[in-house]
Number of protein chains: 2
Amino acid sequence: MSVEFDQILLVPGYRKVAAAITARILSRELREGDRLPSETELARQFGVNRSTVREALRELESGGLLERRPGSKLMTVSRPQHRAIAKDVGRALALHDVTFFEVWEALTQLEPPMAEIAARNRTTADLESLVAACQRFADENAETEKAVHHAAEFFRCVGRATHNQVLGLAQEPLLGLLEPSLRVMIDKVPQARSRIAVAERRIHEAIGKRETEAARTWMARHIRDFRKGYELADIEFDRRVG
Amino acid sequence: MSVEFDQILLVPGYRKVAAAITARILSRELREGDRLPSETELARQFGVNRSTVREALRELESGGLLERRPGSKLMTVSRPQHRAIAKDVGRALALHDVTFFEVWEALTQLEPPMAEIAARNRTTADLESLVAACQRFADENAETEKAVHHAAEFFRCVGRATHNQVLGLAQEPLLGLLEPSLRVMIDKVPQARSRIAVAERRIHEAIGKRETEAARTWMARHIRDFRKGYELADIEFDRRVG
DNA sequence: GATGGCCTGATTGTCGGACAATCATACGAT
DNA sequence: ATCGTATGATTGTCCGACAATCAGGCCATC
């Protein structure tokens, strides 16, 4: 007869403290903008040393659950912003040796439906920011850095226009990986800038007129163009990003 | 004439240390499995106190870049695992008051293409684990908890079968949110279990025969069924998840 | 030779106390 | 009302300390 014991795990104090505060935030007892007690006070309440509290705070801080308003020492509860989350995800993907192809394939699947949904759900304000983003790309695409940034920003506007936070967030890490990919391609392909500008215009026009099918189609074409760009720039498709 | 100064930001030491180590990991100087020097040694190298190093380590640890093999004190470099990342993302979405509908809509857009890609790229091993997951759901769905878990696990198998890490990771937070949604629905809808079982079988059969269109279609139906389930269970669609 | 016991040094988790720099706020001077 | 100043609170960093645990070597036992 074989006796087996469960692994006994001893959780360090700083993680217990972090878990306790996290639970309070998730249960909404602590709401966004609420100020956390001082470190000394927390140490007193939890009955641990201030150093232990500080280690716990670093965990929450890097998870985005706490933040400090610029130029202030007080820590306030915050909802993790999409960009911050995306940074972590993008980093993870880069470390997993994600290839250009994988990023492109994901964009292929994700973006056209998003354009369609955006065409259905966009508000007037969405449309305005979409047009503005398109305009910014058209106006300031001389510097590689600005061009890349504005191209990604256009996608973000589409994402917001879907009014679906899940889709918006799912897209974000992709854009984080698209930027470096685009950076190495855009200057090698002379016609890239104009093609992007045209595609963006078609897309925002379709979204503006609520033409769902047209929006999807032009977005699909837009993404296909990226692939062509990579081929023209002679970038191997199984090269890893980042 | 207006003079404007950039905001001067003083970065605390623990964040500089964290950034320095992170950079080493992202540049692959530190590779997965490498053991980090001891805290005392790091403190010596960076010329800061051990407490400062520890706060930095907590940041990296919660970001998944460092981990401790169970029952060991040594910290080793690690690539953030998908599940860990997804936990953060799911938490963020929950705090942003994501609704059932948003999760469902995202699944609607994401899963059918994934099934199609899986049908194209799956290996024999993928198919085996897919069949096994399907079987596990069919066999052990009496307990709510197990049923929910196995249902999500089936999606994960499909995700792995796509051989696209980006898609697999994008899907993960959705599953994290699907589980609680499914948990409140599955026991209220008598026919839910059998419908899920049937859909899973159709999907894995299509993937097995590499019938891309059939895989997509059945997956789409599978997701549509979830929506019907919510309606039957009388769950308001704009209720927030979590 | 394999196993287990024992010792030693290294490492982590936690603690207490300390201090400079900065922030928040109230008070007073101009 | 605006600007300085004083005061207390808070954070960032440091130092030193110690128990608990881990890693590895040594040795006796079987």
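Keep in mind that what you see is a predicted model, and the values were worked out from it rather than measured. Each chain gets a letter, A, B and so on, in the order the sequences are listed, and its residues count up from 1.
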**Q** Atom pairs under 3.5 Å, N or O on each side, protein against nucleotides 13-15 of chain D: can you list them with distances?
**A**
residue	atom	partner	partner atom	Å
D:dT13	OP1	B:Gly13	N	2.1
D:dT13	OP2	B:Gly13	N	3.3
D:dT13	OP2	B:Tyr14	N	3.4
D:dT13	O4	A:Arg50	NH2	3.0
D:dC14	OP2	B:Asn49	N	2.7
D:dC14	OP2	B:Thr52	OG1	2.7
D:dC15	OP2	B:Asn49	ND2	3.2

**Q** Considering residues at least two apart in sequence or located in another chain, which fulfil the ring pair (Phe, Tyr, Trp, His ring centres under 6.0 Å) criterion with A:Phe155?
**A** A:His222

**Q** Applying side-chain contact (heavy atoms from CB on, under 4.5 Å), can you list everything that pairs with A:Leu107, at least two apart in sequence or on another chain?
**A** A:Val103, A:Glu111, A:Leu174, A:Leu178, A:Ile223

**Q** Tell me the interatomic distance from B:Arg58, atom CZ, to C:dT14, atom P, rounded to whole angstroms.
**A** 9 Å

**Q** Show the atom names and distances, to 0.1 Å, of all donor-acceptor pairs under 3.5 Å that link a side chain in residues 50-57 of chain A to residues at least two apart or in another chain.
**A**
residue	atom	partner	partner atom	Å
A:Arg50	NH1	A:Glu39	OE1	2.6
A:Ser51	OG	A:Asn49	OD1	3.1
A:Arg54	NE	B:Glu55	OE2	2.7
A:Arg54	NH1	A:Glu39	OE1	3.2
A:Arg54	NH1	A:Glu39	OE2	2.9
A:Arg54	NH2	B:Glu55	OE1	3.0
A:Arg54	NH2	B:Glu55	OE2	3.3
A:Glu55	OE1	B:Arg54	NH2	3.1
A:Glu55	OE1	B:Arg58	NH1	2.7
A:Glu55	OE2	B:Arg54	NE	2.7
A:Glu55	OE2	B:Arg54	NH2	3.3

**Q** Could you state the atom-to-atom distance from CD of A:Glu61 to C1' of D:dT11 in whole Å?
**A** 11 Å

**Q** For residues 124-131 of chain B, run the donor-acceptor check on the side chains, cut-off 3.5 Å, and write out each pair with its distance to 0.1 Å, sequence neighbours left out.
**A**
residue	atom	partner	partner atom	Å
B:Asp126	OD2	B:Thr123	N	2.9
B:Asp126	OD2	B:Thr123	OG1	3.1
B:Asp126	OD2	B:His163	NE2	2.6
B:Ser129	OG	B:Asp126	O	3.0

**Q** What is the separation between atom CG on B:Leu42 and atom C1' on C:dA10, rounded to the nearest whole Å?
**A** 14 Å

**Q** To the nearest Å, how far apart are A:Arg44 CZ and C:dC15 P?
**A** 15 Å

**Q** Nearest-Å distance, CD (B:Glu39) to C1' (C:dA10)?
**A** 12 Å

**Q** What integer distance in Å separates A:Glu41:CD from D:dT11:C1'?
**A** 15 Å

**Q** Any Lys/Arg nitrogen of B:Glu153 or B:Lys146 sitting under 4.0 Å from an Asp/Glu carboxylate oxygen of the other?
**A** no

**Q** In whole Å, I'd like the distance from the CG atom of A:Leu57 to the P atom of D:dT10.
**A** 14 Å

**Q** Excluding sequence neighbours, so at least two apart, what forms side-chain contact (heavy atoms from CB on, under 4.5 Å) with B:Glu145?
**A** B:Arg183

**Q** Taking CZ from A:Arg35 and P from C:dC23, how many angstroms apart are they, rounded to a whole number?
**A** 15 Å

